[in-house]
Protein chains: 2
Amino acid sequence: MATEPGALPAYLQISELLIRDIAAGRLADGQRLPPEREMAAEHGVSVTTLRKALADLQNRNLLDRRQGSGNTIRASGEMEGVYAYFRLELRQGGGFPTAQVLEVTRAVKPDDLPDLGSDTGFAWRIRRVRALNRLPVSAEEIWLDGRFTDRLSAEELSQSLYLYYRERLGLAILRAEDHVEVDPVPNWVPEDLGLASGEPALMVARRTWAQTNEPIEFSRSWVNTSRARYVSRIS
Amino acid sequence: MATEPGALPAYLQISELLIRDIAAGRLADGQRLPPEREMAAEHGVSVTTLRKALADLQNRNLLDRRQGSGNTIRASGEMEGVYAYFRLELRQGGGFPTAQVLEVTRAVKPDDLPDLGSDTGFAWRIRRVRALNRLPVSAEEIWLDGRFTDRLSAEELSQSLYLYYRERLGLAILRAEDHVEVDPVPNWVPEDLGLASGEPALMVARRTWAQTNEPIEFSRSWVNTSRARYVSRIS
DNA sequence: AGGAATTTGTGCGTATGTATC
DNA sequence: AGATACATACGCACAAATTCC
């Protein structure tokens with residue numbers, strides 16, 4: 001393992017390497033890792049150091065460590081990971097999330113918007129409809145600070161916005177805070193969502209932060225609660 | 001450190017000992033711990049082992065470890081622990097939670113209630129008003145399954161219901177799931193909450209589970225969103 | 001300002017215990 | 001019962017951050 005001056009600690013380099021392997025599918029769910037001594041030799045570190053890397057994966061719920069049995073990848077959390085921040089469910093439970101972008105605009109930041117950590121005053125406004133099993137459940141307006149990119153089009157945005165942030169903009173969302181309230185539906189929501197403009201509806205206001213703890217994004221979602229509900233699991 | 005056969009590992013013995021010290025107030029918030037080498041000597045273990053105990057405390061958010069600076073107790077998490085499941089905040093943020101019990105009734109379980117893991121068919125219904133900084137913010141109706149206790153009175157219930165569950169009933173809440181919706185306000189809510197019966201309001205439906213993963217409780221809270229909002233932090 | 005002292009972070013190698021196969 | 005593999009624990013050396021003089 002290279003030990004350049006500015007580099008990350010060896011155990012973090014290894015754990016990040018394994019995380020990328022999982023994300024890329026090179027390490028699949030349920031796959032058994034080689035014994036710790038082997039892996040330590042492969043990476044040219046001591047068993048102690050390698051164990052610290054594996055402990056890190058365990059803390060992230062990506063690895064099942066079992067004495068006498070071995071270390072097993074738990075990549076099930078991966079696809080969930082992309083949607084870990086999505087908190088709407090069909091009323092009968094579950095539903096596969098998709099999104100349709102209605103509009104992408106570069107605009108002056110409104111005054112009532114929370115601070116996004118920039119002084120440019122410009123931001124991207126993304127409006128989209130989120131669906132579960134193809135049933136539209138919410139309309140979402142997202143404000144992404146302007147400092148991250150100079151161009152942004154509806155075509156570029158994949159189904160998972162956070163995936164786009166991570167892969168195209170190098171922004172990993174690490175934290176979010178939702179405020180759930182009741183708020184009038186705006187006038188731009190499409191018909192098929194089943195929400196009447198001006199009527200009170202469940203509204204989720206979200207702020208997100210990146211690795212560096214800088215605020216990135218602010219969004220508001222109006223939810224059709226006859227189709228979906230906001231779910232929060234606590235443990 | 002004693003190393004009897006059936007005992008916990010040394011590092012866990014030490015971390016549990018420190019946790020008890022924090023809970024009992026012998027280690028106060030902000031207090032600085034002795035250097036690791038000193039503590040290791042005190043407990044008769046190696047620095048490595050002691051560090052593992054401290055890492056455990058850090059994972060529990062009870063300790064702040066800073067290279068070059070030392071280890072500092074963060075007991076703030078203690079009181080928060082009791083209210084960790086409380087997700088309402090004043091609109092300006094924060095607020096100290098209190099509760100006033102309106103009514104405690106033993107009743108037949110309604111049919112539309114989710115399964116509470118019992119076949120007795122009886123349950124306790126608790127109605128109370130929750131306040132933040134003495135301002136009423138929500139009305140709550142709780143159904144506690146009947147199998148846990150034969151008597152329950154308003155006087156017995158402390159401010160924190162979960163504290164009561166833990167100390168009197170031996171029930172530690174380990175998991176909860178909130179469903180947030182919009183729902184008409186019931187007719188029993190008191191005037192000073194500022195919610196009109198029958199009008200739609202933010203409603204939080206919660207199920208809770210105990211250690212054993214058995215369902216315990218179901219509750220619904222109607223929130224005055226002009227005073228408070230439902231907050232969910234994700235990381 | 002600057003350098004020494006203090007304190008935690010990282011990493012190694014090894015020995016032994018214990019769960020699983 | 002034996003082999004395999006992870007868990008615990010020790011002691012040491014050096015790096016990096018902080019504090020103190």
Side-chain angles (χ1 to χ4, degrees), chain A residues 1-19 21-22 27 30-75 211-213, chain B residues 1-19 21-22 27 29-75:
Chain A
M1 188 98 272
T3 44
E4 289 120 29
L8 281 177
Y11 78 93
L12 281 183
Q13 285 186 46
I14 295 175
S15 81
E16 299 229 337
L17 195 134
L18 291 171
I19 289 173
D21 281 346
I22 294 171
L27 289 176
Q31 188 168 342
R32 167 104 175 265
L33 291 183
E36 296 177 343
R37 281 176 175 75
E38 268 182 46
M39 294 186 69
E42 281 173 27
H43 294 95
V45 297
S46 73
V47 178
T48 317
T49 301
L50 183 104
R51 283 178 61 78
K52 217 173 166 186
L54 296 185
D56 184 48
L57 286 194
Q58 189 181 33
N59 284 339
R60 296 172 190 247
N61 261 318
L62 288 171
L63 188 65
D64 212 28
R65 313 192 61 187
R66 207 183 302 270
Q67 184 177 170
S69 172
N71 296 307
T72 313
I73 297 289
R74 291 207 334 198
Q211 306 99 323
T212 50
N213 211 32
Chain B
M1 191 98 267
T3 44
E4 289 119 31
L8 280 178
Y11 78 95
L12 280 182
Q13 286 187 46
I14 295 175
S15 80
E16 298 229 337
L17 195 136
L18 291 171
I19 289 172
D21 282 346
I22 294 171
L27 289 176
D29 184 54
Q31 188 168 342
R32 165 104 175 265
L33 292 183
E36 296 177 344
R37 281 173 175 77
E38 268 182 45
M39 294 185 70
E42 280 173 27
H43 294 95
V45 298
S46 74
V47 178
T48 316
T49 301
L50 183 105
R51 284 176 61 78
K52 213 172 168 190
L54 296 185
D56 185 49
L57 287 193
Q58 190 181 32
N59 284 339
R60 297 172 190 246
N61 261 316
L62 289 171
L63 188 65
D64 211 29
R65 312 191 62 186
R66 207 183 301 270
Q67 182 176 169
S69 172
N71 297 306
T72 314
I73 296 289
R74 292 204 338 195

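Numbered from 1 within each chain, the chains take letters A, B, ... in sequence-line order.
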Participant: Pairs of donor and acceptor atoms involving the side chains of residues 44-51 of chain B, under 3.5 Å and at least two apart or interchain, shall be tabulated with distances.
Facilitator:
from	atom 1	to	atom 2	distance (Å)
B/Ser46	OG	B/Thr48	N	3.4
B/Ser46	OG	B/Thr49	N	3.2
B/Ser46	OG	B/Thr49	OG1	3.2
B/Arg51	NH1	B/Glu36	OE1	2.9
B/Arg51	NH1	B/Glu36	OE2	3.1

Participant: Closest to the A/Thr48 side chain: C/dG13, C/dG9, D/dC10?
Facilitator: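 Ranking C/dG13, C/dG9, D/dC10 by closest atom to the A/Thr48 side chain puts C/dG13 first.
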Participant: Side-chain N or O of A/Ser69 versus OP1/OP2 of C/dT20: is the shortest distance under 4.0 Å?
Facilitator: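 No, A/Ser69 has no side-chain N/O under 4.0 Å of OP1/OP2 on C/dT20.
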Participant: Can you measure A/Arg65 atom CZ to C/dA19 atom C1' for me and round it to whole angstrom units?
Facilitator: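 A/Arg65 atom CZ is separated from C/dA19 atom C1' by 14 Å.
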Participant: Report the distance from atom CD1 of B/Ile22 to atom CZ of B/Arg74, rounding to the nearest 0.5 Å.
Facilitator: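 B/Ile22 CD1 to B/Arg74 CZ: 10.5 Å, rounded to 0.5 Å.
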Participant: Measure from the side-chain heavy atoms of A/Ser46 and tell me the nearest of D/dA9, C/dT8, C/dG11.
Facilitator: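 Nearest to the side-chain atoms of A/Ser46, counting from C-beta on, is C/dG11.
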Participant: Using whole Å, what does the distance between atom P of nucleotide C/dG9 and atom CG of A/Leu12 come to?
Facilitator: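 In whole Å, C/dG9 P and A/Leu12 CG are 13 Å from each other.
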Participant: Please determine whether any donor N or O and acceptor N or O are separated by less than 3.5 Å between the side chain of A/Gln67 and the base of C/dG17.
Facilitator: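 Present.
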Participant: Take atom CG of B/Asp64 and atom P of C/dT7, then tell me their distance rounded to the nearest Å.
Facilitator: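 From B/Asp64 CG to C/dT7 P: 17 Å.
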Participant: Counting only side-chain N and O atoms of B/Tyr11, is one of them less than 4.0 Å from OP1 or OP2 of D/dT8?
Facilitator: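 Yes, within the criterion.
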Participant: Which whole-number value in Å describes the distance from B/Arg37 CZ to C/dT6 C1'?
Facilitator: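 So the CZ-C1' distance, B/Arg37 to C/dT6, works out to 10 Å.
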Participant: Given D/dA5, is OP1 or OP2 found less than 4.0 Å from the side-chain N or O atoms of A/Asn71?
Facilitator: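 No, A/Asn71 has no side-chain N/O under 4.0 Å of OP1/OP2 on D/dA5.
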Participant: OG1/B/Thr72 to CG/B/Leu62 distance, rounded to the nearest 0.5 angstrom?
Facilitator: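 It comes to 13.0 Å.
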Participant: What I'd like to find out is whether the side chain of B/Leu63 reaches to under 4.5 Å of the side chain of B/Ile73, using heavy atoms alone.
Facilitator: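 Counting from C-beta outward, B/Leu63 and B/Ile73 do come under 4.5 Å.
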Participant: Taking CG from B/Leu50 and C1' from D/dA9, how many angstroms apart are they, rounded to a whole number?
Facilitator: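 B/Leu50 atom CG is separated from D/dA9 atom C1' by 12 Å.
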Participant: Indicate whether OP1 or OP2 belonging to C/dG11 is found under 4.0 Å from a side-chain N or O atom of A/Thr49.
Facilitator: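 Checking C/dG11 against A/Thr49, no side-chain N or O comes under 4.0 Å of OP1 or OP2.
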Participant: With the side chain of B/Pro9 defined as its heavy atoms from C-beta on, choose the nearest nucleotide among C/dG9, C/dG11, D/dT8.
Facilitator: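 For the B/Pro9 side chain, the nearest candidate turns out to be D/dT8.
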Participant: Round to a whole Å and report the spacing from CD of A/Gln58 to P of D/dC6.
Facilitator: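 To the nearest whole Å, that distance equals 12 Å.
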Participant: Are A/Asp56 and A/Lys52 close enough for a salt bridge, meaning some N to O gap below 4.0 Å?
Facilitator: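 A/Lys52 and A/Asp56: not salt-bridged.
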Participant: Would you indicate, yes or no, if C/dG11 has its OP1 or OP2 atom less than 4.0 angstrom from a side-chain nitrogen or oxygen of A/Lys52?
Facilitator: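 Looking at the OP1 and OP2 atoms of C/dG11, neither is under 4.0 Å from any side-chain N or O of A/Lys52.
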Participant: Measure the distance from CG on B/Leu54 to P on C/dT10 and round it to the nearest whole Å.
Facilitator: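 Computing the B/Leu54:CG to C/dT10:P distance gives 14 Å.
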Participant: Give the rounded distance in Å between these two atoms: CD of B/Gln13 and P of D/dT8.
Facilitator: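 Distance check: B/Gln13 CD to D/dT8 P gives 12 Å.
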Participant: Check whether any side-chain nitrogen or oxygen of B/Arg66 sits under 4.0 Å from OP1 or OP2 of D/dA17, and answer yes or no.
Facilitator: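 No, because none of the side-chain N or O atoms of B/Arg66 sits under 4.0 Å from OP1 or OP2 of D/dA17.
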